[in-house]
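Values reported hereafter were calculated over all heavy atoms of this structure, with side chains retained and with hydrogens, waters and symmetry mates removed.
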Amino acid sequence: MGSELVDSPAPHISFTEQFYKLFPFYLSIGMTYEQYWYKDCELVKFYREANEIKNTRKNQELWLQGLYVYQALCDVSPVLHAFAKSGTKPNPYPEKPYPITSKEAKERKEEEQRINRLRAKIVFETWASRLNLPGKEVSDDGNDRQS
């Protein structure tokens, strides 16, 4: 019992065989023949890490593409079922791409806040103009003006 592990030694693979076995992989990720066989041996490590980064980026891109497809299907789904009311329209496609960096997300949020402030200002000014009250008018730069 257990002797089968001792009696059968592990197959021995020479370094040369290992190098030849891995060579196609490194060619597939962009390493040249000369780089693999004649340049610094540390280079394979950097090519491998670069390949991992590229795969991670590709995965993120495909995930984002799936998000767009999913959103598009959800937006059009109100008109796809058999019992949709006449005149039902799909939801509009997003006007801008989704932000994928924190900088883009921050800029998008600031833009939405600016637009919301402008809308609130227009609503307030419309309400105030209907009352015909004399008072202060606030300019776009935040300074008060007497009307």
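Glu17 places a side-chain N or O within 3.5 Å of a backbone atom of Ser14 that can act as its donor or acceptor partner. For the pair Thr56 (side chain) and Glu52 (backbone), a donor-acceptor distance under 3.5 Å is present. Distance alone, capped at 3.5 Å, places no donor-acceptor pair between the Glu110 side chain and the Glu107 backbone.
Atom CH2 of residue Trp127 and atom CG of residue Leu131 lie 5.0 Å apart, to the nearest 0.5 angstrom. One finds the CE atom of Met31 at 10.5 Å from the NZ atom of Lys39 (value rounded to the nearest 0.5 Å). Interatomic distance, Arg108 CZ to Lys96 NZ, rounded to the nearest 0.5 Å: 5.5 Å. With rounding to the nearest 0.5 angstrom, the CD1 atom of Ile13 is 5.0 Å from the NZ atom of Lys21.
The ring of Tyr36 has its center no closer than 6.0 angstrom to the ring center of Tyr47.
Between Ala105 and Pro99, the closest heavy-atom pair is N-CB, 3.6 Å. Between Val79 and Ala84 the shortest heavy-atom distance is CA-CB, 4.3 Å. Summarising the geometry of Cys74 relative to Pro78, their closest heavy-atom pair is O-CD, 3.6 Å, with the distance given to 0.1 Å. Between Arg48 and Ile29 the shortest heavy-atom distance is N-CD1, 4.1 Å.
Contact check on Lys45 versus Glu42 returns a salt bridge, with a Lys/Arg side-chain nitrogen under 4.0 Å from an Asp/Glu carboxylate oxygen. Taking a cutoff of 4.0 Å between a charged side-chain nitrogen and a carboxylate oxygen, Arg114 and Glu111 qualify as a salt bridge.
Placement of Tyr70 and Leu80 in two distinct hydrophobic clusters is found when ILVMFWY residues are connected by side-chain heavy-atom separations under 4.5 Å, directly or transitively. Under a hydrophobic-cluster definition in which Ile, Leu, Val, Met, Phe, Trp and Tyr are linked whenever side-chain heavy atoms come within less than 4.5 Å, directly or via other members, Tyr38 and Phe23 are assigned to the same cluster. The hydrophobic cluster containing Tyr20 also contains Val44, counting ILVMFWY residues as joined when their side-chain heavy atoms lie under 4.5 angstrom apart, directly or transitively. One hydrophobic cluster, built from ILVMFWY side chains closer than 4.5 Å, cannot hold both Tyr98 and Leu73; they sit in different ones. Residues Val69 and Tyr93 fall into different hydrophobic clusters, defined by Ile, Leu, Val, Met, Phe, Trp and Tyr side chains chained together at heavy-atom separations under 4.5 Å.
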- Decide yes or no on ring-ring contact (aromatic ring centres under 6.0 Å, His included) for Tyr26 and Trp37, but give the supporting numbers first. CA-CA 11 Å; Tyr26 287 100; Trp37 290 110; over 10 Å; no
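Using a 4.5 Å cut-off on side-chain heavy atoms (C-beta onward), Asn116 and Gln113 make no contact. Looking at heavy atoms from C-beta onward, Thr32 lies in side-chain contact with Gln35 at the 4.5 angstrom threshold.
Within a 6.0 Å radius of CD1 in Ile100, other residues, nucleotides and ligands contribute 12 heavy atoms or fewer. Heavy atoms of other residues, nucleotides or ligands lying less than 6.0 angstrom from OH of Tyr68 number more than 12. Within a 6.0 Å sphere centred on CZ of Phe19, heavy atoms belonging to other residues, nucleotides or ligands number 12 at most.
Remark: Phe46 pairs with no residue by the ring pair (Phe, Tyr, Trp, His ring centres under 6.0 Å) rule, at least two apart or across chains.
A donor-acceptor contact closer than 3.5 angstrom links the side chains of Gln71 and Asp75.
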